[in-house]
**Student:** 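Quick one: structure below, then a few questions.
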Amino acid sequence: MLARTAFDLVFRNARTRAAPEPVDIGVSGGKIAAIAPKLVCEAAEVDAAGRLMLAGFVDTHIHLDKACLLGRCAHDHESVSEAIRAVAAMKRDFTVEDIHARGRKVIERAVSNGTTRMRTHVEIDPRIGLRGFQAIKALKRDYAWALDLSICAFPQEGLTNDPGTEELLVSVLRDGADLIGGCPYMDSDPDAQLEKLFDLAQEFDVDVDLHLDFDLDPSWWHLDEVCRQTERRNYQGRVAIGHATKLSALPPERFKTTAEQLAKAGVAVTVLPATDLYLMGRDATHNSPRGLTVAHRLVECGVLCSVATNNVQNPFTPFGDASLLRMANLYANAAHAAVSDFDVCLDLVTDLPARLMNLKDYGIEVGNPADLVILDTDSGVNAIAELPDILAGYKNGRRVFERTVAKLFPPDFSGNQQRI
Ligand SMILES: [Zn+2]
């Protein structure tokens, strides 16, 4: 007879993407302690009933500080620069409490949609000062029970042309910012901005995550300079570029050589479908370009990629529920992914962003934190195709949310009226 092992919690009959048959997952001290069929143990039980379990979704690019601004401005912004201008005008009035309240709404939606790790880009400049950073730092602490929040401090409106910004960036890097971002296309000297950002990254030994470009003209770009700086500083595997919509405008041959360039330099790409689809191609009168870089094709070429949320309900993107599963479904649909690509589409919001963020403890493996979500489906392919309900989530083995499956009430043929 097998000896009984003591766990705090055991998930029964869970389908994982690694095993062909359902398994049990034992949790002890907040960590995954065993994965095997029919664990003999004493523990509280959760019956996954053959449903798919994942290690939680990973959002590498979301702006909590400028989320939920619908209603504060007109929404006729038809270009990236108009959206930036609209938010720049509003953010002078942002208070720490206001940013905290709006960020909290988005975090709670993200958590209840299964996100367990998140990298948020926080604007740092003399107009907003440190208010955004202070609010996000408080959110990181307040929601540590539900998700790990990583803070990427970045100058949205320029660095070398915006006196005082560099000093503020240095102060937040000293005060707990996890990495540095940037936006070279907003700078009067983009290469000098990149040089300065990489200097700071090396000085503070942090990763780099850039807003690279936001248009469909591949005749010029800062991608070569990013790759050059990455290699020169031995930063392969520590640099990501977001949006990179110019990549969507490349013919096949140039797409391939650029993918090889990115793979060789160890520069990752984050695609932001909701924003890119909303803002790109607006000057077309018909047959509008999608402006969506095909991440799953870059992955085939060896480039590390993620799909992420970016903005929620603001001038850049008036939509949003912070659901990465919905975003992966939107991406798969808009990027012409084949059914055989759906597994990679799910990777783009789970394993690949975990690698992009250099997380060493992600995944359903013994020893990792028991960060787990249960989806009302049975495979990765169906998770993308069906957009199933996400029924429950756990952080370090503790339940953080639960959702009930919809129940249908067919007519009662006995003639009794149903009362509400
Ligand atoms: Zn962004």
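Since the model is a prediction, treat every value here as computed from it, not as a measurement. Ligands are counted one by one from 1 in listed order, and the atoms in each one are counted from 1 as well. If you read the sequence from its start, that first residue is 1, and numbering goes on from there.
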**Student:** How are the rings of His61 and His211 set to each other: parallel, tilted or perpendicular (split at 30° and 60°)?
**Tutor:**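 Perpendicular, since the angle between the ring planes exceeds 60°.
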
**Student:** Should Asp175 and Lys137 count as an ion pair when the cut-off is N to O under 4.0 Å?
**Tutor:**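 Yes, Asp175 and Lys137 are salt-bridged.
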
**Student:** Side chains of Asn314 and His63 only: does a donor on one sit below 3.5 Å from an acceptor on the other?
**Tutor:**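 Judged by distance alone, the side chains do not pair up.
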
**Student:** Given 3.5 Å as the limit, does a donor-acceptor pair link the side chain of Tyr331 with the main chain of His296, or not?
**Tutor:**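 Yes.
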
**Student:** Report yes or no: do Asn358 and Asp207 form a side-chain donor-acceptor pair below 3.5 Å?
**Tutor:**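 Result is yes, a qualifying pair exists.
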
**Student:** Quick one: which of Thr309, Asp148, Leu64 gives a side chain to side chain contact (heavy atoms under 4.5 Å, CB included) with Met118?
**Tutor:**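 Single pass found, and it is Leu64.
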
**Student:** Which residues and atoms, counting only protein N, O or S, are under 2.8 Å from the Zn ion (ligand 1)?
**Tutor:**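 As for protein N, O or S atoms lying under 2.8 Å from the Zn ion (ligand 1), they are His61 NE2, His63 NE2, His211 NE2, Asn310 OD1.
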
